[in-house]
Amino acid sequence: MKIIELINRGGFGRVEKVLLKDGSSGALKTFDPQFSVNTHDELEKLKKRFEREVRILSSLDSKFVIPVLDYDLKTENPWFLMPLAECSLADTIENFRKDQNSAQSAITDILNSLEYLHKADYVHRDLKPQNVLLHQGKWKLSDFGLILPPSTQTTKLTSTYSNWGTAGYCAPEQALDFRSVDSTADIYAFGCILHDIYSGEPRIPYQQYSGPEPVGIIIEKCTEISSNRRFKTVQKLRGDLPPLWWTPGYATATLASYSAGE
């Protein structure tokens with residue numbers, strides 16, 4: 001692989017565009033913490049989080065997440081290789097604001113991916129436009145560094161009062177007890193993405209938001225301060241979406257066809 005340029009740098013690693021032997025391009029994510037690590041134990045904990053991201057991504061359906069093409073977790077700086085996405089949702093939001101009807105396919109894909117993830121008992125915990133990528137004509141989830149596995153699989157890689165994630169998309173409870181959040185934290189983040197598209201107004205973190213009707217009601221319900229007052233599932237959220245930009249049953253049928261391997 002030949003490194004071409006830096007694409008992005010996050011808290012745990014850097015992502016670079018690379019040229020592969022067959023002449024195609026890929027995205028290489030390498031473990032490289034951006035912040036200072038005080039002890040060897042802290043560094044090993046971060047490495048385990050990186051390794052967990054690779055293992056989980058490798059086990060998930062590539063119709064909903066950016067797949068892993070190759071990896072090496074034994075080297076000093078572990079890495080994994082992904083296909084190069086066409087763009088991120090963050091790159092496209094300004095266009096969606098100008099033509100809001102064009103956002104419908106992205107909204108559909110994000111909901112399908114979230115529903116798939118939640119049915120597998122995972123919580124993303126870092127859903128934001130930068131982590132939704134267009135690949136092979138579908139919007140898929142990426143960057144699973146903060147993913148919360150099912151309780152039967154998880155190890156304590158996050159202390160109770162750790163505050164990770166991006167404040168503009170984190171649910172209020174993530175600032176208090178990041179380790180114990182449930183899937184409604186992702187629904188809160190989805191409401192923030194809707195707010196990005198349909199309102200575009202600046203946000204104060206950890207608040208409830210709204211927007212123009214009829215989508216404003218959905219944004220309000222997604223971003224309730226109390227997680228108990230939000231939509232409990234993606235399915236319930238979908239059922240309340242305005243009919244003008246949603247075909248009932250479309251996403252559920254799509255999800256079923258994916259599960260059947262069609």
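For clarity, every value in this text was computed on a predicted model and none was experimentally measured.
No hydrogens or angles considered: a donor-acceptor pair under 3.5 Å links the side chains of Asp22 and Ser24. Between the side chains of Ser227 and Glu173, no donor-acceptor pair of N or O atoms lies under 3.5 Å. No side-chain N or O of Asp186 forms a donor-acceptor pair with one of Ser183 less than 3.5 Å apart.
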Task: Worked check of side chain to side chain contact (heavy atoms under 4.5 Å, CB included) between Leu117 and Ile147 - done: CA-CA 10 Å; Leu117 199 66; Ile147 193 167; 4.2 Å; yes
- [ ] For Arg97 and Glu94, run salt bridge (Lys or Arg N to Asp or Glu O under 4.0 Å): C-alpha distance rounded to whole Å, both residues' side-chain angles, the deciding distance at 0.1 Å, then the answer.
- [x] CA-CA 5 Å; Arg97 286 179 188 151; Glu94 195 62 41; 3.0 Å; yes
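Note that CD1 of Ile225 is 5.0 Å distant from CD of Gln207, once rounded to the nearest 0.5 Å. With rounding to the nearest 0.5 angstrom, the CD1 atom of Ile193 is 9.5 Å from the CD1 atom of Ile107. Rounded to the nearest 0.5 Å, atoms SG (Cys170) and CZ (Phe178) are 6.0 Å apart. Going from atom CG of Leu237 over to atom OG1 of Thr184 covers 11.5 Å, rounded to the nearest 0.5 Å.
Under the 3.5 Å distance criterion, the side-chain polar atoms of Arg179 are left unmatched by any main-chain donor or acceptor of Leu148. Judged by distance alone, the side chain of Ser59 and the main-chain N or O of Ile56 form a donor-acceptor pair under 3.5 Å. Side-chain atoms of Arg9 come within 3.5 Å of backbone atoms of Asp32 as a donor-acceptor pair (strictly under, hydrogens ignored). Counting only distance, with no hydrogens or angles, the side chain of Lys2 and the backbone of Leu20 share no donor-acceptor pair below 3.5 Å.
Taking all atoms of both residues into account, the shortest heavy-atom contact from Leu81 to Met1 is CD1-SD, 4.0 Å. What you find for Tyr169 and Leu127 is that their closest heavy atoms are CB-O, 3.5 Å. Of all non-hydrogen atoms in Asp72 and Thr75, the two that sit nearest each other are OD1-N, 3.4 Å. Cys192 and Tyr209 get closest at one heavy-atom pair: SG-CE1, 3.8 Å. Minimum interatomic distance between Tyr198 and Ala103 (heavy atoms only, all atoms of both residues): OH-CB, 4.3 Å. When all heavy atoms of Ser142 and His124 are compared, the closest pair comes out as O-NE2, 2.9 Å.
Counting heavy atoms from C-beta outward, His118 and Val234 have side chains that approach closer than 4.5 Å. Residues Phe231 and Ile218 form a side-chain contact, since some pair of their non-hydrogen atoms from C-beta on lies under 4.5 Å apart.
Each of Arg229, Arg230, Lys232 was evaluated against Glu224; a single residue qualifies, Arg229, per the salt bridge (charged side-chain N to carboxylate O under 4.0 Å, His left out) test.
The pair Glu115-Lys119 counts as a salt bridge, with a side-chain nitrogen and a carboxylate oxygen less than 4.0 angstrom apart. A salt bridge between Glu51 and Arg49 is absent, with no side-chain N of the basic residue lying under 4.0 Å from a carboxylate O of the acidic one. Between Lys29 and Glu53, at least one side-chain nitrogen of the basic residue sits less than 4.0 Å from a carboxylate oxygen of the acidic one, meeting the salt-bridge criterion.
Asp91 meets the side chain to side chain donor-acceptor pair (under 3.5 Å) test with Ser88; sequence neighbours excluded. The salt bridge (charged side-chain N to carboxylate O under 4.0 Å, His left out) check on Asp196 picks up Arg203, with sequence neighbours excluded.
No more than 12 heavy atoms of other residues, nucleotides or ligands sit less than 6.0 Å from atom CD1 of Ile204.
Note on ring orientation: taking the six-membered ring where Trp is involved, the planes of Phe50 and Phe31 are perpendicular (angle over 60°, cut-offs 30° and 60°).
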